[in-house]
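Everything on this sheet refers to the single structure shown next.
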Amino acid sequence: MNRRTFLKRLFGGIITLFGLSGGTYYYAREMEPNMLDIHDVNIYSSKTPSAFEGYKILQFSDTHIGFQYTINQLEELVVKINQLEPDLIVFTGDLIDNPRTYDIDERLISTLGRLKAKDGKFWIYGNHDHGGYGTDILRDVFQQSGFELLQNGHRQIDKNGDMIYLAGLDDALLGKPDIEQALNGISNEQLTILLAHEPDYADVTKDYPVDIQLSGHSHGGQVQIPFIGYIYTPHLAQKYVEGNYKIGSNPLQLFVSRGVGTTRLPYRFFCKPEITMYQLKKS
Ligand SMILES: [Fe+2]
């Protein structure tokens, strides 16, 4: 940890200690985690084919159901997402906080099953999905809910004679990510979007023919202090924490979602839950 990061965390910790009292504490624990930002983001690329101009990709991430986020909230989220009428839905990891202790039932499967997208629903593993013996459990949940898993693989999305690629990586912390396999057979000419749970993996991705990476995992730090920013983010979400980044000379466009749920601490402060509706545009 460098000096700047250390001081930032030290000051952040002190302010949090004094600031998160009374009303602020109530707000961070009971109110902000229940809010939702629906973030609209245009992604510009010279490789966007004409048929995909305005194409709508909805990303939701890091629900961590069973920690603070509930199945009732997921049901409300599904209604909101369907109202936005996305072309594609992508889930970028960490559905359940602890698959070993969470009781998965038909309600979870039918709720995810109600999500509707014209060209399909895709998901990738996050570290919590692999953790607690979740690998097989989560595969079944998503399969039964009509989601397609992208685990070091890709899918061609066709529209009116044009096409793009959607690729997905296995989790970088507890899985076996293999970007070469994920992109195997992809043509450099076509727009390629990679789903990767951990945003800092973008430093690997940038050397591959990927135009756009969508990630989660950081939760935006969950607690952000005015003028200081986030205090803590997990491993592989320390360099790229939220929003968009241009990386490398190609450049790779990275978008990091703050996610929907919480983990470790049941608080959000100046870091509202979010889902993102991306629209592809030709630049
Ligand atoms: Fe994660």
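Order of appearance sets the numbers: ligands from 1, and atoms from 1 within every ligand. Quick caveat, the model's predicted, so the values are computed rather than measured.
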Is the Fe ion (ligand 1) under 2.8 Å from any N, O or S atom of H217? yes
Is the Fe ion (ligand 1) under 2.8 Å from any N, O or S atom of N127? yes
Could you tell me whether the Fe ion (ligand 1) has an N, O or S atom of D94 under 2.8 Å away? yes
Check whether any side-chain N or O of Q253 sits under 3.5 Å from a backbone N or O of Y44 as a donor-acceptor pair, and report yes or no. yes
Do D162 and K159 sit within salt-bridge range, that is, some charged N less than 4.0 Å from a carboxylate O? no
Please determine if K121 and E148 form a salt bridge, counting it only when a charged side-chain N lies under 4.0 Å from a carboxylate O. no
Charged N to carboxylate O under 4.0 angstrom, K239 versus D200? no
